[in-house]
Amino acid sequence: MKFLVVDDEKDVEMLFRQKFRKELRSGLLELEFALSGQEALEMLRSRRPPDVMYIFSDINMPGMTGLELLEIVKTEFPQIKVSMISAYGDTENYDRAISSGAKEFFTKPIDFETLKREIQMILDN
Amino acid sequence: MRAVLILTAFFFSLTVQAQSADPDSLQILLENAFTDSARYSIYTKLSDYYGNKDRRTAYEYNEAALKIARENNMNLEIANSLGRIGYYLNKEDRYGEAFECYIEGIQLAEDPDNEHLSWTKPADADPFQYRMAILAWLHHDLGLVFRSTNNNMEAIQQFRKSSRYLDKALPTSHNSVDMNIGAVYLDMNILDSALYYQRKELVHADRWKSAALKYIGDIHFRNGDSDSAFIYYHKGLSLATDQNAFSLKIICEMSLGKWHLAAENKDSSLIYARRFLKGIKDLQGNPLKDINISNAYELMYQAYQLNQKPDSMMKYLQLAYVSRDSVNQIKIANLTQYQNISFDEQLRLEVLEKEKLQTKNRIRIYSLLTGLFFILIVAFILYRNVRQKHKANTILEKTLSDLKSTQTQLIQSEKMASLGELTAGIAHEIQNPLNFVNNFSEVSSELLDELNDELDQGELEEAKSISKDIKQNLEKINHHGKRADAIVKGMLQHSRTNTGQKEPTDINALADEYLRLSYHGLRAKDKSFNADFKTEFDASLPKIKIIPQDIGRVMLNLITNAFYAVNERVKKDLEDLAEKGNENLEGLEPIKPLVTVTTKNLGDKIEISVKDNGSGIPDEIKNKIFQPFFTTKPTGQGTGLGLSLSYDIVKAHGGAFKVESLLGEGTSFIITLPTS
């Protein structure tokens, strides 16, 4: 199962790859990374139907924000689940994310245990 | 020979009209008179009767009248009698006494209050006009005294005064001022004026007409017009004869005698000389002052000389000498007395003058004191003004220093405001590296466990791979730790009040840092905010010596402004679209907000530009944007000091600050900084 992580911080990729080292090695989990919403959309549109099942996206990014990305993804690819990860866990961002169809809302710093549980849950289904 | 002729008859009395009153009947009246006023009147009439006939008697009657007037304090009557007495004294060449009488009389008559101290009732005559008439007469006769004592100018002055008073006196009042003034001018050989006054005399009265005619003859004679002189002398003579004015007749005969003498008419000169001599001898109580028997003898002598009669000639010469001597002796004695008196008068006048001077001085001192007082007031007012100004100055200085400190505070608060803008960005910026530090250290710890497991199992390859990862992680931890460190340092630098040191700085890194800080700061503050940014950095840019936190502040300011501008543009575009309603919304999207930071190496300088695609700056405010406190942001959102401070910072670095803006297209702020 393919997950896409969207964050403008490049090191996020390395962190994720190490954190899900075992899962990745076992082949249960595949990770893709994009540094912006634009890049993520291009990635999704390049493969039809998209092989990504789940997107974790940062909200604060230059250019397209995570929330904008969420809206576009939800209209273009309604089957893809999207969860937001943001340093700004205020209700405004949260409400908007949820009403736009976000599955979960994670706050930074990322608690990888909850993230792993979420992923495990998806994988189990 | 100086022919001074003074022909003042009496001031024609107001109280006495009947000059021809019989002395005997007057004596009877006097015996029956009960009142002082009646007796005064009768005494005056008696003096008039004797007049020139018996000067002595006339004088005594006047003395009696004066005594009565003095006893009753009838001041105008006193003045009147004094004038009459003066007249007789002058006739007898007693100039000093006459002078005193006139001065006293004038002093009394000058006082308007004395109009009430008079027996002359308003029913008889207007009191004012009566007083004026007395004054006119007294000045006239005083003029005669001056005339007799050769004080011609004073004489004319007195005659003029008399003339002025005469205008205010009774219409019937008249004296011989014009004739007398004319006579004085003739004496002074000012013939034009002399002729003018004699003609004036001819016009307004006939009482002195014959005298005036004689004088006009004299003037012509002096001018060498002997024909006209002859005619006027004869006119005068016939008029005097007609008027029974004997004294005037005699004078005209004297003049004709002299005329014939000059014309060398032997017989005629002798005839007129004889007539003149006879007339003088016949004249009782000679009213002709200064013309006396000696003049007649002299003329006789000259006539006989012309006729070449040595015996008679010698006889009259001797007579002339004798008579002249006696006349002159009396005259000289009298003149001495007069001079003494007039000297006293002069002393009195000097005292008066001194008093006047003292009064003047006093007035001067008072006015000086008043002036000084006003100057003091003005000085006081000026002093107060200066003090008030000084006070105002102190207040102004205080206000100025208050303003300065306020300005310093504002600059500081601008710094704090930009720091506030930064804080959110910084929080975000620090949060990220901290997350990495935490996460990488956690995962490293996990990896170490794994590494141990692998080592236990003897999987050395796997263990090596894990240790490589751990090393990478440690590098990442170090990297993000440093990143956080740099951010904190930058923040500290930014908030520092004192100016930092210039140090070689990588402008690209600085621009990037502040771009990110600004972006995240704005994102943190305004959730709806979003904009794209782009950097076009010139890699060949050398490090230049600048104060990093100052130029950093400029960058932050420009970038924040640029983001603000694009954000406003988007809001405006969305509003415009909303206004247009739902029609044709497709294709009409708001602009894509973009901020581009560019650096360029220009050799001796570098260029940094911050470009936005906002609404642009209207021309009318383009020259205001660098002014302190100018802001387009809503109240409370901007200090208005950002660009002003930025401008100062760039100037302080020896750089240039330029703005290019197109409405609807966007704005570029371009900074150039020297590389050395």
Side-chain angles (χ1 to χ4, degrees), chain A residues 5 7-26 35-39 57-72 84-97 99-100 105-116, chain B residues 424-451 453 462 465-466 468-470 472-473 475-480 483 512 515-516 518-535 563 592-595:
Chain A
V5 180
D7 199 309
D8 58 334
E9 290 277 356
K10 232 180 91 196
D11 288 343
V12 165
E13 182 176 351
M14 192 178 164
L15 189 65
F16 266 75
R17 286 198 185 284
Q18 290 193 3
K19 277 284 179 188
F20 295 98
R21 189 182 171 84
K22 283 175 194 163
E23 289 83 351
L24 287 170
R25 221 171 3 182
S26 68
L35 288 169
S36 71
Q38 205 64 42
E39 195 187 333
S57 177
D58 188 14
I59 290 179
N60 289 313
M61 291 181 292
M64 189 183 292
T65 67
L67 291 172
E68 283 166 355
L69 177 67
L70 167 67
E71 281 169 25
I72 295 166
M84 310 309 295
I85 305 172
S86 175
Y88 309 108
D90 51 282
T91 47
E92 195 190 320
N93 269 343
Y94 178 86
D95 292 347
R96 198 175 154 201
S99 66
S100 297
F105 193 100
F106 302 97
T107 52
K108 283 186 179 178
I110 305 164
D111 178 4
F112 280 93
E113 290 307 311
T114 30
L115 210 62
K116 267 184 180 170
Chain B
I426 286 164
H428 182 268
E429 287 295 288
I430 289 177
Q431 191 66 48
N432 277 344
L434 276 179
N435 286 345
F436 282 116
V437 169
N438 290 336
N439 288 323
F440 277 117
S441 58
E442 264 175 39
V443 85
S444 295
S445 172
E446 287 165 19
L447 283 176
L448 277 172
D449 289 343
E450 268 185 47
L451 176 70
D453 289 349
E462 193 61 27
S465 157
I466 292 170
K468 216 164 103 194
D469 282 353
I470 294 170
Q472 261 186 357
N473 285 359
E475 277 167 8
K476 286 290 168 197
I477 290 168
N478 189 249
H479 167 74
H480 286 287
R483 194 176 143 197
D512 190 50
L515 177 61
R516 297 176 68 81
S518 175
Y519 174 77
H520 289 297
L522 286 167
R523 288 297 308 255
K525 272 206 316 198
D526 181 1
K527 306 299 178 305
S528 65
F529 167 78
N530 194 37
D532 209 351
F533 62 79
K534 212 166 72 178
T535 54
F563 279 128
K592 285 211 163 289
L594 178 67
V595 171

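In what follows, every chain begins at residue 1, and chains take the letters A, B, ... in the order their sequences are listed. Below, all heavy atoms of this structure are taken into account, side chains as well, without hydrogens, waters or symmetry copies. In this text, all values refer to a predicted model and were calculated from it rather than measured experimentally.
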Note to self: Can you confirm whether B:Glu446 sits close enough to A:Gln18 that some side-chain heavy atom of one is under 4.5 Å from a side-chain heavy atom of the other?
What the structure shows: no
Margin query: For B:Phe440, which atoms come within 4.5 Å of any heavy atom of chain A: side chain, backbone, both, or neither?
Written below: both
Next item on the list: May I ask you to test the A:Arg21-B:Asp469 pair for a side-chain heavy-atom distance under 4.5 Å?
Entry: yes
Notebook entry, point to check: Counting heavy atoms not belonging to A:Lys116, are there more than 12 under 6.0 Å from its NZ?
Noted result: yes
Next item on the list: First locate atom CG of A:Asp8, then atom CZ of B:Arg516, and finally report the distance between them rounded to the nearest 0.5 Å.
Entry: 6.5 Å
Note to self: So, taking the atom named CE in A:Met14 and the one named NZ in B:Lys476, what distance separates them when rounded to the nearest 0.5 Å?
What the structure shows: 6.0 Å
Check: What distance do A:Met61 atom CE and B:Asp532 atom CG have between them, rounded to the nearest 0.5 Å?
Finding: 11.5 Å
Check: Looking only at heavy atoms, what is the nearest atom pair of B:Asn439 and A:Ile110, with distance?
Finding: OD1-O, 3.7 Å
Checklist line | Interface moiety of B:Asn438 toward chain A, non-hydrogen atoms closer than 4.5 Å | finding: neither
Note to self: Given heavy-atom pairs under 4.5 angstrom as the criterion, report whether the side chain, backbone, both or neither of B:Leu594 touches chain A.
What the structure shows: neither
Checklist line | Per-residue contact mode, B:Glu450 against chain A (heavy atom under 4.5 angstrom) | finding: side chain
Margin query: Need one label for B:Ile466: side chain, backbone, both or neither, based on atoms under 4.5 Å from any heavy atom in chain A.
Written below: both
